[in-house]
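Okay, structure first, notes after.
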Amino acid sequence: MGWDAFGLPAENAAIANKTAPAKWTRENIAYMRGQLERLGYGYDWAREFATCNADYYRWEQWFFTRLMERGLAYKKEAEVNWDPVDQTVLANEQVENGRGWRSGALIKRRKISQWFLRITNYAEELIDGLDQLEDWPESVRTMQRNWIGKSVGVEAVFTVVDSDIDGDALKVFTTRPDTIMGVTYLAVAAQHPLAISAAIDNPELKTFLDECGHMKTAEAELETMEKKGMPLGVFAVHPISGEQVPVWVANFVLAGYGTGAVMAVPAHDQRDWEFAGKYGIDITPVVYPVDGDLDIEGGAFTEYGVLKNSGQFDGLSSEMAKQRIAEWLEEKQLGEQQVNYRLRDWGVSRQRYWGCPIPVINIDGKTIPVEASQLPVVLPENVVLDGVGSPIKKMPEFFETTDPETGELAERETDTFDTFFESSWYYARFCSPDSDQAMLDERAKYWLPVDQYVGGVEHAVLHLLYARFFHKLMRDEGLVNGDEPFKKLLTQGMVIAETYYREGENGRKEFFNPTDVETTKDEKGRILQAVLRSDGEPVVVGGVEKMSKSKNNGVDPQSMIDRYGADTVRLFMMFASPPEQSLEWNDDAVAGASRFLRRVWAWFYKHQSVFQTSPCEQLIAPKIENDALVDVRRTVYGILERALRDYERQQFNTVVAACMEMTNALEKFDWSSAGAAGKQVQSESAIILLKLLAPVAPHIVEKISGEFNIRDQVETSWLQVDESALKVDQVELVVQVNGKLRSKLQVAIDIPRDQLEVLVLADENVQRFIEGSVVRKIIIVPGKLVNVVAN
RNA sequence: GCCCGGGUGGUGAAAUUGGUAGACACGCAAGACUUAAAAUCUUGUCGCUUUCGAGCGGUGCCGGUUCGACCCCGGCCCCGGGCACCA
């Protein structure tokens, strides 16, 4: 068990409860450990650690200094959400409607210097590796592939006219160089130097840039807001035509991504088309469909075609033109072919307190890593949080230090790592949790990769991509073998629940736990009204979302454990739905789970004389004469076969269903008249049921098997299907006419085809439905179905 | 907006992955036990029609492929997740 213990929730709780994050965190860990122990999970507690302890995070500090030396960590400016009132950087989730969650102030984009890891150096390997991850869900691999977003294209150079500022050439990337002759404008980000210089003597433009500065730094925000722009009054020279095209500033161009500038071809790109239409910018079509007319009245033509209005490239196909234009640009040194990734380098700096201190020292603008011998840089834990900045930024005793070379005064970094840093390598630390001489030792090479990794789907991209990246970094440092950390991946669905809140002044939301809210619903189960139990006043129904601390919609299974016991809760959770599926929490069915376990218990005690006298040492291929016994044995093994398959494919809800079905069958059977062989079969069945149930409800199985001296049989060796028990000589066939179920037929399993056809056609119901039509063919699925096609 | 999932009875779900739609449960209804209730047990439970044999319709919506579609293909609607500072 690794407690991923740093992060925002602890800071939020600290502000709300006026407790230090460390205390709150460790109390929560203790509570959770108690609960997990009571649930009987098989964690190896000898390998437990918490990421907020220095004996864990010291190693990522060390690793970071290694990355600095290897040139894989670097500093650059990047934008954050700045709350001007609380003087704090806000997480995206702390910004709503452009305002800070505590202060309600309009947020401001602000550039600050931050640490980045060169994950883009590994982009190619991260994509290629996905093909080898055969035991990962295809959906996760697709999401990662799309996230990395490899695209091949051309970077073209547009020279800015009459510019005296730095970077007077605008470099733009395009995957469609064949459309380059259709460029009618360029667009740059609001933070682009060209935009800023153009705004100096243009107040209207200045206002627009300011407006863009109030948007939060989230891609979803950029993509959904109204696309706006303004001309800069600046022009750039088209590299091929030599004509001048206007340069605009647009709020949807990302400053920190690529070159912060894009070329626009409104005739052949939908977003450009809409933008051009809105602002009356020229639309010049240059690619025409191979057959048929070009119609760009209703939208851009984004397919491939044949070039026109493109000078020397006229008449070329898009495919050809992409190649020729790229070559032409390269020849003239006005561009080059490039592979571009959507993936950006990983920003790991956080201007927060509750995280691992970044182990660097700033001396007069230069930054050096803290020497290995001086690690760890320990985070002070005795602090008070007031929501205004990080406490360690106000603690000279923390940040005042000296230059190890000169002894001059220097300043320690007060930013901390992104918490994904901790969660990116904990899986490896489990192999050597006690190692105090190294981050990992030889044991990591022995145990890794992880055979089976389980995590929520919400981690499909970020966490799982960072962990894959870290594994490669650790491999290149010689710490682990192999290229990938996790051989097999199961992505759990999320447990989701209704959210309820009230909006306070300045739009700040206070969330209430569903257990504290009383709802009235209509007959379709929709919530009509929700009121807080404590004051009877209404609350806003916020919709169903993944359970989280920030939305306060989690449920604590503790009261359920207290009332029904761990086995019932485990069984109930396994039975609710398959693990990949998301699940809206509802504990109505928990009583049913408890009832089932009590029935199992009752059945064993009802037949205790049998289990006490005939403990079924080993069933040696019993020769069973009694047909009823053969049937019940077939039923048991039939159910077992399905259950084992479902365990294998991790569909535990149907395993539980199979246990219930088996119990139903055993309860129904009249064992009293089955004689000595009956006792054997009964004991055999009992052991199968207990074994099958053991992983789900271990406590009750252990108790029952101990009571009847069969613990050895239950706890040693896993289950196997006795194929001979499954043998049948009669099967029930489904009979269809034209694909519709019309009849059922009991036949010998090996009935010859011609006999079967005769039998089917003679069937009364079949007769009725083929009357007056001609039988065209008869489809037979052996052992299952017959379909008579007639018309 | 983009990427990834999902949508099946009143509810959670199942369907060996193209072959009987609704297994197993929850809930509900009726009955048994009980002075009564709880617990437990039995029976029924997708909708409509029915001469009680069965018939028709039905897996978000519209269309297609197929002897046959919850499953495959095309278009749409709704819900959940992710979108780089929640983790």
Side-chain angles (χ1 to χ4, degrees), chain A residues 4 6-9 12 80-81 89-95 137-140 142-147 149 216-225 227 252 256 271 342-347 349-352 418-420 423 456-463 465-466 491 493-494 496 523-525 543-546 548-551 575-578 580-584 586 588-593 595-596 598-599 602 641-642 645-646 651 653-654 656-661 664 732-741 744 764-765 776-779 781 784-791:
Chain A
D4 186 16
F6 276 139
L8 260 194
N12 296 340
V80 293
N81 305 311
V89 175
L90 297 179
N92 280 331
E93 77 158 10
Q94 296 175 315
V95 180
E138 194 56 55
S139 59
V140 173
T142 308
M143 277 190 264
Q144 294 212 352
R145 206 171 279 124
N146 292 340
W147 182 266
K216 82 176 182 189
T217 60
E219 187 189 293
E221 192 96 336
L222 282 179
E223 294 286 335
T224 48
M225 76 197 163
K227 311 282 186 290
F252 56 84
R271 188 176 66 184
R342 203 186 78 96
L343 181 70
R344 316 201 284 261
D345 274 342
W346 175 14
S349 297
R350 296 292 180 272
Q351 298 68 42
R352 293 189 212 302
D418 176 7
T419 55
F420 277 126
S423 58
V457 252
E458 72 273 27
H459 293 302
V461 175
L462 290 179
H463 164 60
L465 191 66
Y466 292 144
T491 46
M494 281 145 302
I496 55 181
E523 69 276 9
K524 284 196 169 159
V544 180
E545 288 183 68
K546 107 178 143 171
S548 69
K549 297 173 196 82
S550 57
K551 297 284 162 64
F575 188 49
S577 85
E580 297 92 332
Q581 199 164 309
S582 62
L583 172 73
E584 192 167 346
N586 175 357
D588 281 353
V590 68
R595 196 176 304 158
F596 164 67
R598 285 203 302 269
R599 267 171 47 212
E641 192 181 35
R642 274 157 35 210
R645 189 197 69 213
D646 290 345
Q651 206 184 68
N653 57 329
T654 47
V656 174
C659 291
M660 290 173 167
E661 237 181 295
N664 290 346
E732 188 185 57
L733 286 188
V734 168
V735 180
Q736 299 181 334
V737 177
N738 292 328
K740 288 200 169 180
L741 175 69
K744 286 175 187 179
E764 194 187 314
N765 262 310
R776 299 291 174 189
K777 60 177 162 179
I778 298 173
I779 290 157
V781 181
K784 266 196 179 149
L785 162 148
V786 182
N787 187 16
V788 181
V789 184
N791 58 16

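Below, chain A is the first sequence line, B the second, and so on; all start at residue 1.
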Can you measure [X] atom [atom1] to [N] atom [atom2] for me and round it to whole angstrom units?
X        : N     : atom1 : atom2 : result
A:Gln351 : B:C86 : CD    : P     : 12 Å
A:Gln144 : B:C83 : CD    : P     : 13 Å
A:Glu219 : B:C3  : CD    : C1'   : 9 Å
A:Asp418 : B:A87 : CG    : P     : 7 Å
A:Asn791 : B:C67 : CG    : P     : 11 Å
A:Tyr466 : B:C86 : OH    : P     : 11 Å
A:Lys546 : B:G6  : NZ    : P     : 19 Å
A:His463 : B:C4  : NE2   : C1'   : 18 Å

Watson-Crick or G-U pairs under 3.5 Å in RNA chain B, rendered as dot-bracket with [ ] for crossing pairs and | for another strand:
(((((((..(((......[....)))((((((.......))))))((((....))))..(((((..]....))))))))))))....

For [N] and [M], measure between their [atom1] atoms and round to the nearest Å.
N     : M     : atom1 : result
B:U50 : B:C56 : C1'   : 11 Å
B:G18 : B:A69 : P     : 14 Å
B:G68 : B:C61 : C1'   : 23 Å
B:G6  : B:G60 : C1'   : 11 Å
B:G58 : B:A84 : C1'   : 45 Å
B:A15 : B:G9  : C1'   : 15 Å
B:C72 : B:G57 : P     : 24 Å
B:C70 : B:U20 : C1'   : 14 Å

Based on the glycosidic angle (syn within 90° of 0, else anti), state the conformation of [N].
N     : result
B:U17 : syn
B:G55 : anti
B:G63 : anti

Quick check: on RNA chain B, is the nucleotide nearest A:Arg599 upstream (toward 5') of the one nearest A:Phe6, or the reverse? Name the residue that is more 5'.
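Comparing both residues, the 5'-ward one is A:Arg599.
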
Toward the 5' end of RNA chain B, by each residue's nearest nucleotide, A:Trp147 or A:Glu545:
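Mapping each residue to its closest nucleotide by heavy atoms, the 5'-most match is A:Glu545.
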
Using salt bridge (Lys or Arg N to Asp or Glu O under 4.0 Å) as the criterion, list what pairs up with A:Asp345, not counting sequence neighbours.
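Salt bridge (Lys or Arg N to Asp or Glu O under 4.0 Å) list for A:Asp345, sorted by chain: empty.
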
Which residues share a salt bridge (Lys or Arg N to Asp or Glu O under 4.0 Å) with A:Glu545, sequence neighbours left out:
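Residues passing salt bridge (Lys or Arg N to Asp or Glu O under 4.0 Å) with A:Glu545: A:Lys551.
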
Think [X] has a side-chain N or O under 4.0 angstrom from the OP1 or OP2 of [N]?
X        : N     : answer
A:Arg595 : B:G27 : yes
A:Asn664 : B:A25 : yes
A:Arg271 : B:G1  : no
A:Thr419 : B:A87 : yes

If you look at every strand shown and take non-hydrogen atoms under 4.0 Å, does [X] touch a base, only sugar-phosphate, or nothing?
X        : value
A:Glu661 : sugar-phosphate
A:Ser423 : nothing
A:His459 : base
A:Arg342 : base
A:Phe420 : base
A:Thr142 : sugar-phosphate
A:Val89  : base
A:Val656 : nothing
A:Ala220 : base
A:Ile778 : nothing

Pairing residues for [X] by the side-chain contact (heavy atoms from CB on, under 4.5 Å) criterion, not counting sequence neighbours:
X        : result
A:Asn765 : A:Ser743, A:Asp763, A:Arg768, A:Phe769
A:Ala220 : none
A:Ser577 : A:Gln581, A:Leu583

Minimum-distance nucleotide (side-chain atoms of [X] versus [options]):
X        : options            : value
A:Asn146 : B:C3, B:A39, B:A87 : B:C3
A:Met660 : B:A25, B:G80, B:C4 : B:A25
A:Ser139 : B:G5, B:A84, B:G1  : B:G5

Spacing of A:Leu462 atom CG and A:Phe420 atom CZ [to the nearest 0.5 Å]
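Reported to 0.5 Å precision, the distance equals 5.0 Å.
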
Quick one: list whatever passes side-chain hydrogen bond (donor to acceptor under 3.5 Å, both in side chains) with A:Glu641, sequence neighbours left out.
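side-chain hydrogen bond (donor to acceptor under 3.5 Å, both in side chains) check on A:Glu641 returns nothing, list empty.
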
Once side-chain hydrogen bond (donor to acceptor under 3.5 Å, both in side chains) is applied, do any residues pair with A:Glu661, and if so which ones, sequence neighbours excluded?
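With sequence neighbours excluded, A:Glu661 shows a side-chain hydrogen bond (donor to acceptor under 3.5 Å, both in side chains) to A:Arg642, given in chain and number order.
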
Quick one, A:Val80 and A:Thr217 - any side-chain contact, counting heavy atoms below 4.5 Å?
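Of all side-chain heavy-atom pairs linking A:Thr217 with A:Val80, none is under 4.5 Å.
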
Below 4.5 Å, heavy atoms only, C-beta onward: do A:Gln94 and A:Leu8 meet side chain to side chain?
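Counting from C-beta outward, A:Gln94 and A:Leu8 do come under 4.5 Å.
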
Verify the distance criterion only: is there a donor paired with an acceptor across the side chains of A:Asn146 and A:Arg342 at less than 3.5 Å?
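Result is no, nothing qualifies.
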
Polar contact flag, side-chain donor to acceptor under 3.5 angstrom, A:Thr654-A:Asp646:
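Yes - a donor-acceptor pair under 3.5 Å links their side chains.
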
So with a 6.0 Å cut-off around CD of A:Glu138, is the heavy-atom count from everything else above 12?
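Above 12, so yes.
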
Quiz question: going by heavy-atom distance under 3.5 Å, is there a donor-acceptor pair between the base of B:C56 and the side chain of A:Lys740?
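No.
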
Closest heavy-atom pair and its distance - A:Ser550, A:Glu93:
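Scanning both residues completely, I find the closest heavy atoms to be OG-OE1, 3.5 Å.
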
Pull out every protein N or O sitting under 3.5 Å from an N or O of nucleotides 74-76 of chain B, one pair per line with the distance.
none

Kindly write out the residues that satisfy ring pair (Phe, Tyr, Trp, His ring centres under 6.0 Å) with A:Trp346, not counting sequence neighbours, or none if the list is empty.
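With sequence neighbours excluded, A:Trp346 shows a ring pair (Phe, Tyr, Trp, His ring centres under 6.0 Å) to A:Phe421, A:Tyr466, given in chain and number order.
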
Could you list the residues that satisfy ring pair (Phe, Tyr, Trp, His ring centres under 6.0 Å) with A:Phe6, not counting sequence neighbours?
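Once residues adjacent in sequence are excluded, the partners of A:Phe6 under the ring pair (Phe, Tyr, Trp, His ring centres under 6.0 Å) criterion are A:Tyr57, A:Trp354.
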
Please encode protein proximity along nucleotides 12-21 of chain B as a string of B, S and -, counting only heavy-atom distances under 4.0 Å.
BSSSBB-BB-

